[in-house]
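No experiment lies behind these values; they were computed from the predicted model shown. When reading the values below, keep in mind they use all heavy atoms of this one structure, side chains included, and skip hydrogens, waters and symmetry mates.
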Amino acid sequence: MEKIKITFPDGTIKEFDKGTTGRQIAESISKGLAKEALAVEVNGEVWDLSRAIANDASLKILKWADDGGKYAFWHSSAHLMAEAIENIYPGTKFSIGPPIENGFYYDIDMGDHTLTGDDLSKIEETMYKFAGRDVPYQREEKQWEDAVVYFKKKGDPYKLELLEDLKGQTISFYHQGNFTDLCYGPHIPSTGRIKAIKLLSVAGAYWRGSEKNKMLQRIYGVTFPTKQELDEHLYRLEEAKRRDHRKLGQELELFLLTPKVGGGLPLWLPKGTIVRETLENFLREEQKKRGYLSVVTPHIGNINLYKTSGHYPYYKDSQFTPVKVEEEEYLLKPMNCPHHFQIYAAKPRSYRDLPIRLAEFGTVYRYEQSGELNGLIRVRSFTVDDSHMFMRQDQLKQELCDVIELIQLVFNTLGFSDFKTRLSFRDPKNKDKYGGEDEMWVQAEKDIKEAAELTKLNYYIGIGEAAFYGPKIDFMVRDALGRTWQLGTVQVDYVMPERFNLEYVGADGQKHRPVVIHRAPFGSMERFMGVLIEHFAGEFPLWLAPLQAVVLPITDQHLEYAQEVFQQLKAAGIRCELDDRNEKIGYKIRDWETKKVPYMIVVGEKEKEANTISVRQHKKGDLGSMSRDAFLSSTLEAIKQKTITL
RNA sequence: GCUGGUGUAGCUCAGUGGUAGAGCAGCGGUUUCGUAAACCGCAGGUCGUCGGUUCAAGUCCGACCACCAGCUCCA
């Protein structure tokens with residue numbers, strides 16, 4: 001028998017018979033591994049365990065812990081769900097059912113029938129029943145024509161449309177039980193591996209993602225090899241909901257969204273404003289150190305500004321309707337740049353003055369579709385921590401590096417580690433979408449990439465994600481529910497200076513065109529706050545906490561001493577309150593714990609006698625008694641250092 | 001904007017055709033208390049809005065509004 005050489009991840013090489021399968025290889029290693037194996041990665045491609053391996057290959061057995069294993073598992077689960085659906089609702093038409101980050105979905109067309117929660121339970125039950133049969137997933141390869149015949153006979157227009165794109169290729173089908181699907185695979189060995197099933201939700205989704213197409217019903221689900229893992233997953237989902245900034249924002253009185261003002265128009269309550277202003281002041285200080293100049297501009301501007309900038313035709317649909325005043329049209333400003341350009345252009349600029357960095361916390365207004373609004377994270381009115389930096393070409397790379405360094409400082413100070421950086425470049429196949437000359441784009445993308453390298457950014461490249469006027473660096477973070485959002489951004493712009501005819505006089509006495517960087521470390525104060533609330537689960541570090549300490553007298557016989565302590569903390573600049581309510585100490589402690597106040601200062605007879613205070617820290621409990629000065633100095637130091645863990 | 005779900009007191013929620021409820025929060029009292037909820041009382045709602053069916057609607061029907069999830073979009 002002919003042999004092939006299999007290389008394992010640890011570098012060992014073993015010989016097997018030609019045509020051996022992943023399952024046989026797993027079995028040859030250990031029984032336990034064979035039992036756990038879900039799929040096999042052959043030369044970087046994920047295959048079914050039952051597929052014969054014909055040539056030398058590097059190979060990895062995939063288990064649940066491997067992404068490839070999970071994806072096969074969930075992909076197979078989607079097929080199991082489809083089988084259950086077809087069994088209960090014959091005639092259902094299936095489109096696509098892929099695995100996703102946390103489970104799987106299937107988009108289906110059930111004609112007039114709309115799925116309800118009861119339907120989901122029924123499907124789930126049937127899935128359990130079918131999984132219990134423990135039947136194998138079997139691959140079958142067909143000629144394209146035969147595949148078309150099959151789905152014509154079955155009457156599945158979506159599958160036929162998918163087949164159109166695969167014309168002439170060999171088509172793979174997968175069978176399990178009574179269900180057959182067009183599928184590239186791979187799949188797990190058998191349905192019996194799926195032990196825990198939860199169908200989570202049903203929602204509309206357009207066929208092939210286009211709003212011009214028919215809306216199908218999408219069922220989201222998740223499955224696991226054990227019940228325990230499902231329970232843990234469901235618990236994590238509940239935890240995430242507890243962190244939801246909309247819920248915490250209401251509980252902690254940070255902000256208010258009310259239809260009486262309008263969708264996506266948040267009102268900042270006093271406590272939320274403290275956090276927000278503290279963040280703003282932090283950035284202002286850092287910008288001051290770096291030579292930024294603060295400016296203030298109005299909330300509306302002549303529509304011609306946006307016609308000049310080119311924003312108007314590109315983004316007409318996402319702006320509020322212009323207002324007409326004395327024959328002129330004004331727009332609620334959707335961005336700050338045109339205003340800042342006018343400040344630059346207000347007088348002649350010399351090459352010696354550059355770079356000029358104009359900064360403003362500028363509130364902008366964008367018309368987002370109603371279905372898009374989402375707490376503070378997607379709003380119609382938000383404040384950009386904006387700056388427009390005007391410079392010579394030779395200064396660009398250094399300025400980019402400095403800006404990235406500033407953003408890194410901001411993210412590190414707030415303890416954001418789970419963020420990604422995307423270099424958003426244009427799509428070279430779709431150049432019409434973008435303004436400006438070709439060589440400008442090539443130069444700008446090169447500069448951005450070099451700056452990213454120099455500052456050791458961990459980045460990936462997003463083709464087609466650029467702004468119309470230039471490429472960007474986008475800082476992306478995830479919210480409590482795992483959705484990814486763009487926060488900070490740095491954009492290189494050669495187009496606007498041209499359109500606004502911005503100039504400076506060079507050493508040669510000639511007029512030159514400056515380059516502009518648009519940048520915002522927070523991105524939008526609203527979105528950033530929303531993500532921050534979830535990041536800290538409402539438990540802000542001391543320097544950001546709206547209320548930093550609260551003084552709790554045991555009885556009103558200690559009120560006078562409590563007053564003295566309170567006044568001292570207040571005078572030292574600590575945000576604090578005195579709780580002189582007629583309540584027992586346990587009640588007060590519980591109350592302030594739920595409000596997530598970092599420190600509680602308990603004072604009673606003992607403390608009054610010894611001239612000390614008892615300190616209780618949020619979530620940690622009693623720290624014991626200490627002198628007032630000791631508490632003050634350590635607290636003030638932690639605030640100054642912007643310490644994240646209390 | 002599209003599909004589906006939800007909407008009862010400041011908050012969390014009960015109430016499936018027959019006089020709007022509870023807990024917490026609030027207010028008034030009693031209690032003076034040592035590290036996560038003392039006790040008594042009071043007040044608080046055009047049941048999202050508008051229209052319809054009915055002797056009678058929080059409850060059934062319709063339209064609209066808002067919010068939630070997803071889709072599409074996102075400077």
Verify the contact: side-chain N or O of S370(A) to OP1 or OP2 of rG1(B), cut-off strictly under 4.0 Å; return yes or no.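 Affirmative; the distance criterion is met.
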Considering only [options], which nucleotide approaches the side chain of [X] most closely?
| X | options | result |
| --- | --- | --- |
| R246(A) | rA69(B), rG70(B), rU35(B) | rA69(B) |
| S614(A) | rU35(B), rC2(B), rU32(B) | rU35(B) |
| K584(A) | rC73(B), rC33(B), rU35(B) | rC33(B) |

NA contact type, [X], heavy-atom cut-off 4.0 Å: base, sugar-phosphate, or nothing?
| X | result |
| --- | --- |
| I554(A) | base |
| R616(A) | base |
| E253(A) | nothing |
| K606(A) | base |
| N374(A) | sugar-phosphate |
| Y587(A) | sugar-phosphate |
| Q557(A) | sugar-phosphate |
| Y105(A) | nothing |
| G586(A) | sugar-phosphate |
| G621(A) | nothing |

Complement of rG28(B), any strand, by Watson-Crick or G-U distances under 3.5 angstrom: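 Checking every strand shown, rG28(B) finds its partner in rC40(B), with both distances under 3.5 Å.
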Opposite nucleotide pairing with rA63(B), Watson-Crick or G-U, both atom distances under 3.5 Å: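 WC or wobble partner is rU49(B).
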Length of the [atom1]-[atom2] vector between [X] and [N], whole Å:
| X | N | atom1 | atom2 | result |
| --- | --- | --- | --- | --- |
| K260(A) | rA66(B) | NZ | P | 14 Å |
| D119(A) | rG5(B) | CG | C1' | 14 Å |
| W207(A) | rU3(B) | CH2 | C1' | 17 Å |
| K241(A) | rA69(B) | NZ | C1' | 10 Å |
| Q486(A) | rC73(B) | CD | P | 16 Å |
| Y367(A) | rG1(B) | OH | P | 5 Å |
| D107(A) | rG4(B) | CG | P | 15 Å |
| Q250(A) | rC24(B) | CD | C1' | 14 Å |

Ion pair present between [X] and [Y], side-chain N to carboxylate O less than 4.0 angstrom?
| X | Y | answer |
| --- | --- | --- |
| D591(A) | K595(A) | yes |
| K93(A) | D156(A) | no |
| R628(A) | E564(A) | yes |

For a ring pair (Phe, Tyr, Trp, His ring centres under 6.0 Å) check, start with the C-alpha distance between Y469(A) and H518(A), then their side-chain angles and the critical distance, and finish with the verdict. CA-CA 11 Å; Y469(A) 50 79; H518(A) 310 236; 4.8 Å; yes
Mutual orientation of the aromatic rings belonging to F419(A) and F475(A) [parallel < 30°, tilted 30-60°, perpendicular > 60°]: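 The rings of F419(A) and F475(A) sit tilted, inter-plane angle from 30° to 60°.
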So H388(A) and H340(A), would you call those rings parallel, tilted or perpendicular, with 30° and 60° as cut-offs?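 Because their plane-to-plane angle is over 60°, the rings of H388(A) and H340(A) count as perpendicular.
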Show me the protein contacts with nucleotides 39-43 of chain B, counting only N or O atoms at under 3.5 Å.
none

Apply salt bridge (charged side-chain N to carboxylate O under 4.0 Å, His left out) to residues K608(A) and E560(A) and explain how you reach the verdict. CA-CA 9 Å; K608(A) 191 176 156 186; E560(A) 202 179 318; over 6 Å; no
Checking the side chain of E445(A) only, and the main-chain atoms of R426(A) only, is there a donor and an acceptor separated by less than 3.5 Å?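 Side chain of E445(A) to backbone of R426(A), a donor-acceptor pair under 3.5 Å: yes, one is there.
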Minimum side-chain heavy-atom gap M389(A)-R519(A) below 4.5 Å: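 The answer is yes; the side chains approach within 4.5 Å.
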